[in-house]
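Here, residue 1 is the first one in the sequence, and each next residue gets the next number. Order of listing sets the numbers, starting from 1, for every ligand and every atom in it.
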Amino acid sequence: MSYRFDVLTLFPALFDGLRHESLIGKALESQTITLELHNWRAFATDRHSTVDDAPFGGGAGLVIKPDPLVHCLRAVVPAGARTILLSPSGRRFEQKLAQEWAQLPGITLICGRYEGFDHRVEAHVDDVVSIGDFVLNGGEVAAMAIIEAVARLLPGVIGNAASLTEESFADGLLEYPQYTRPRDFEGQTVPDVLLSGNHAEIAKWRLAQRIARTRAMRPDLLKA
Ligand code: ADE
């Protein structure tokens, strides 16, 4: 059975690159995953296919109307699927959540635009998540980030399963620095220990590097 990604978006063409390139493209081709895009503008009922409107109470921008979106959700989402609204005011998406969602048969991601959703949409989804403390113009890029993070954990998407467990965040530390040829790049040389052939020393060096890197770049991870 394919893992199923459903995406509700007003801008499906934004996913063209993702669909055709690299590991996600290959996973789609081999039907390890499926990716269905649904434009909920098709569920608008007025002459102008209106999907947004002015906020009650006033304020800048437009708010996504609940009715076409929720009608679309009901029509396209497989029974029992996990539905996730993408919003900068959601809880933080992290590797742990990617691992959890990779165990499901699929997920449905809902991409916003404009100033946000009518709050009542939240009652019709299972989760609201943000990919970080910054504001995008819409949820599409966030959805693509989540699709990549989840898809690469699925069996058959990445050739080397060991490369998954060794990575940053699998155990709360950032990755150790990697080197390949040439041994001397414009005077920057590869650390001697990596050329020593001593695997115990290499493992020790890599762990020390991971801790030092995490302390320098992400001290918050060490505290947790
Ligand atoms: N939509 C706009 N900004 C977002 C963010 N940071 N995460 C998820 N969805 C978003």
Could you tell me whether Arg113 and Glu140 make a salt bridge, using a distance below 4.0 angstrom between a side-chain N and a carboxylate O?
yes
Would Gly132 count as a polar contact of ligand 1, with the cut-off being nitrogen or oxygen pairs under 3.5 Å?
yes
Closest to atom 6 (N) of ligand 1 among protein heavy atoms sits Phe134 O, 2.8 Å
Looking only at distances, please establish whether an N/O atom of ligand 1 is found under 3.5 Å from an N/O atom of Ile131.
yes
In terms of atom number and element, which parts of ligand 1 are under 4.0 angstrom from non-hydrogen atoms of Val129?
8 (C)
Closest non-hydrogen atom pair between Val63 and Asp118, with its separation
CG1-N, 3.3 Å
Using a 4.0 Å heavy-atom threshold (strictly under), name the region of Ser130 that reaches ligand 1: side chain, backbone, both or neither.
both
Are side-chain heavy atoms of Ile84 and Val125 found at a separation under 4.5 Å?
no
Quick check: does any side chain N or O of Arg210 sit under 3.5 Å from a backbone N or O of Leu174, one acting as donor and the other as acceptor?
yes
Are Glu201 and Lys204 close enough for a salt bridge, meaning some N to O gap below 4.0 Å?
yes
Find out whether Val7 and Leu35 are in side-chain contact, i.e. whether some heavy atom of one side chain is under 4.5 Å from a heavy atom of the other.
yes
Under 3.5 Å donor-acceptor, Arg215 side chain and Leu222 backbone
no
Considering only heavy atoms, does Ser87 approach ligand 1 within less than 4.0 Å through its side chain, its backbone, both, or neither?
backbone
Looking at ligand 1, does any of its N/O atoms fall within less than 3.5 Å of an N/O of Ala142?
no
Which atom of Asp127 lies closest to which atom of Trp101, heavy atoms considered:
OD2-CZ2, 3.9 Å
Tell me: protein heavy atom nearest atom 3 (N) of ligand 1, and distance?
Leu136 N, 3.0 Å
With a heavy-atom distance limit of 4.0 Å, tell me whether Asp133 approaches ligand 1 through its side chain, its backbone, both, or neither.
neither
Work out whether the distance between some heavy atom of Val141 and some atom of ligand 1 is less than 4.0 Å.
no
Starting from atom 1 (N) of ligand 1, what is the nearest protein heavy atom, named by residue and atom, and what distance separates them?
Pro88 CD, 3.6 Å
